[in-house]
Protein chains: 2
Amino acid sequence: MAIRHGLLALLDEGPAYGYQLKASFEERTGGTWPLNIGQVYTTLARAERDGLVAQLEADDEGRVVYEITDSGRREVARWFAEPVRREVAPRDELTIKLAVAVTAPGVDVRALVQTQRAETMRTLQALTRLKIDADPPLDGSSDTAWHLVLERLIFDAEAEARWLDHVESRLLRAKAAAETPDQNDPGRGPAPGRTPRAEQGTAR
Amino acid sequence: MAIRHGLLALLDEGPAYGYQLKASFEERTGGTWPLNIGQVYTTLARAERDGLVAQLEADDEGRVVYEITDSGRREVARWFAEPVRREVAPRDELTIKLAVAVTAPGVDVRALVQTQRAETMRTLQALTRLKIDADPPLDGSSDTAWHLVLERLIFDAEAEARWLDHVESRLLRAKAAAETPDQNDPGRGPAPGRTPRAEQGTAR
DNA sequence: CTGCGTATCTATACCGAGTATGTATTCGCG
DNA sequence: CGCGAATACATACTCGGTATAGATACGCAG
């Protein structure tokens, strides 16, 4: 519902038509998040269905202008007042991939991690370059939003890189533990020659 | 396509039916990502349509068993070999909210940030508690995957908290800069009245 | 042993986000 | 003039995700 609320918040600043909303939204995120125009119209249609916005009469050029309703205004206020709750963790493709990979036989997890790390660092560098180029408008200019978005992307990419390093060191430690099957770690080392969890889940 | 590939990778280890796949998937992520069973069937149906899996004859109990095809196997290999590329930044609700909030009139951004920070810290603590409880199976046990997932969630939550702090300090500096419009900050303060990088991305 | 709840198993309808495409008009510009 | 880009709206489609329905099997309390 992020898009819906975002558009609603824009409409809270005054009536607008679809294309205008698309442009406003993209401007605020510095083009980081291009919005498909079709999505704007369907989202507006759904918001209208739910009584959050209403169509005004078309303007001089025949454009369909939308206006926020009282109900919509309340919804925007609620959206801003309530924090985003991460009850269900967002499904991240990389995390899924690694979770499956470490438990699947015959997957070279270390290669996977290293390939991914290189890619993540590439992303991170591209973002950093963008940030340097676009440098710091310390004022309250309209670019602040775009900077915040950019910095969020950087923080996330850094977290991803750190996690990949962490995964790698964990893999190394697991490997070391497996290769020194002497005691000294009572009961932890898996029995050599067999893969734990040969069964799994829905035992038939 | 994360779900599709995840299920495909599971099928790469041997034929299975829908419910089994759901259970396997959830087991590998320690229940972090409950998978709606309906999604499994539709995903399997689409994968079958695309020639990645095929139905075997129903087993003794009449369950619909799927098998991966050669094409599917290639797809899995490709998935593991290629890194996840973040070409288009994922749309994060919080980031959208803040980007809109800082440019919207009449939104108390600092309150928003603080409310969100409290919520993020709550999430982070809950995750940390989980991690401590479930503690470290340093072996190659079946819990490794679940630990990785959990740690990823923690890293992400930490990044979010750090970002919120960063946003707050940026807001403070902007406020300070606005309240002391004297110089004394050579070259940093933007020329009053104009915004650098007015173009950028989707130039309006 | 009867029946109630829970787990297993499949299936379909629906929604929202996202993409692709089609169509028409306006506007800058060589 | 005309061509391409920008503006503007609309629809069809895919995919991930949720809700719900319905069927059978199983444990176990009364």
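If you're wondering where the values come from, they're calculated on a predicted model, not measured in any experiment. These values consider heavy atoms only, across backbone and side chains, with no hydrogens, waters or symmetry-generated copies. Labels below follow one simple rule: chain letters A, B, ... track the order of the sequence lines, proteins then strands, and each chain is numbered from 1.
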Visitor: Establish, with yes or no, whether the OP1 or OP2 oxygen of C/dA11 is under 4.0 angstrom from a side-chain nitrogen or oxygen of B/Y41.
Guide: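 Negative; the distance criterion is not met.
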Visitor: Can you find a side-chain donor-acceptor pair between A/R86 and B/T123 that sits under 3.5 Å?
Guide: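 Side-chain D/A pair, A/R86 to B/T123: absent.
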Visitor: Between the side chains of A/W79 and B/E93, is a donor N or O closer than 3.5 angstrom to an acceptor N or O?
Guide: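 On atom types as modelled, these side chains qualify, holding a pair under 3.5 Å.
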Visitor: Of all residues at least two apart in sequence or in a different chain, which pass the side chain to side chain contact (heavy atoms under 4.5 Å, CB included) check with A/P90?
Guide: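 Here no residue qualifies.
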Visitor: B/I68 and side-chain contact (heavy atoms from CB on, under 4.5 Å): which partner among B/L8, B/L7, B/L10?
Guide: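 Output: one option passes, namely B/L8.
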Visitor: Can you see which heavy atom on A/Y17 is nearest to which on A/V64, and at what distance?
Guide: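 Between these two residues, the closest heavy atoms are CB-O, 3.0 Å.
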Visitor: Could you write nucleotides 22-27 of chain D as a row of B, S and -, 5' to 3', where a protein heavy atom under 4.0 Å of any base atom gives B, of only sugar-phosphate atoms gives S, and otherwise -?
Guide: ------
Visitor: Is it the case that the side chains of A/Q114 and A/E168 hold a donor-acceptor pair, with the cut-off being a distance below 3.5 Å and no angle test?
Guide: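 A pair is found: one side chain offers a donor N or O, the other an acceptor, under 3.5 Å apart.
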Visitor: Whole Å only: how far is the CD atom of B/E26 from the C1' atom of C/dC9?
Guide: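 From B/E26 CD to C/dC9 C1': 14 Å.
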Visitor: Tell me, which pairs form a side-chain hydrogen bond (donor to acceptor under 3.5 Å, both in side chains) where one or both residues lie in residues 34-44 of chain A, sequence neighbours left out?
Guide: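 Residue pairs with at least one partner in residues 34-44 of chain A: there are none.
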Visitor: Separation of B/E93 atom CD from C/dG18 atom P, in whole Å?
Guide: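 So the CD-P distance, B/E93 to C/dG18, works out to 11 Å.
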Visitor: What residues in residues 33-40 of chain B put a non-hydrogen atom under 4.0 Å from any atom of DNA chain C?
Guide: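 Contacting residues: B/I37, B/G38.
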Visitor: For residues A/A99 and B/V149, report the shortest heavy-atom separation together with the two atoms involved.
Guide: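 Minimum heavy-atom contact is CB-CG2, 3.8 Å.
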Visitor: Side-chain N or O of B/Y17 less than 4.0 angstrom from OP1 or OP2 on C/dT10?
Guide: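 No, B/Y17 has no side-chain N/O under 4.0 Å of OP1/OP2 on C/dT10.
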Visitor: Report the nucleotide, chosen from D/dG16, D/dC9, C/dA17, that has the shortest atom-to-atom distance to any side-chain atom of B/M1.
Guide: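 Out of D/dG16, D/dC9, C/dA17, the nucleotide with an atom closest to B/M1's side chain is D/dG16.
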Visitor: Which residues pass the side chain to side chain contact (heavy atoms under 4.5 Å, CB included) test with B/T115, not counting sequence neighbours?
Guide: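 Result, side chain to side chain contact (heavy atoms under 4.5 Å, CB included) vs B/T115: A/P83.
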Visitor: Between D/dG17, D/dC9, C/dA11, which nucleotide gets closest to the side-chain atoms of A/R91?
Guide: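 The listed nucleotide nearest to A/R91's side chain is D/dG17.
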Visitor: Using the side-chain heavy atoms of A/T42, tell me which of these nucleotides is nearest: D/dT11, C/dC9, C/dA17.
Guide: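 Given the options D/dT11, C/dC9, C/dA17, the side chain of A/T42 is closest to D/dT11.
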Visitor: Taking 4.0 angstrom as the limit, do A/E75 and A/R4 come out as a salt bridge?
Guide: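 The answer is no: the pair does not qualify as a salt bridge.
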Visitor: What are the residues of residues 45-56 of chain A, sorted by number, that bring a heavy atom to within less than 4.0 Å of DNA chain C?
Guide: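 Per residue number, the list reads A/R46, A/R49.
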Visitor: Do any side-chain nitrogens or oxygens of A/R4 fall under 4.0 Å of OP1 or OP2 in C/dG16?
Guide: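 So the side chain of A/R4 is within the cut-off, an N or O lying under 4.0 Å from OP1 or OP2 of C/dG16.
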Visitor: In whole Å, I'd like the distance from the CD atom of A/E27 to the C1' atom of D/dT7.
Guide: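 Those two atoms, CD and C1', are 16 Å apart.
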Visitor: What is the distance, to the nearest angstrom, from the OH atom on B/Y19 to the P atom on C/dA7?
Guide: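 In whole Å, C/dA7 P and B/Y19 OH are 8 Å from each other.
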Visitor: In this structure, which one of A/L153, A/I154, A/L148 forms a side-chain contact (heavy atoms from CB on, under 4.5 Å) with B/W163?
Guide: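 Single pass found, and it is A/L148.
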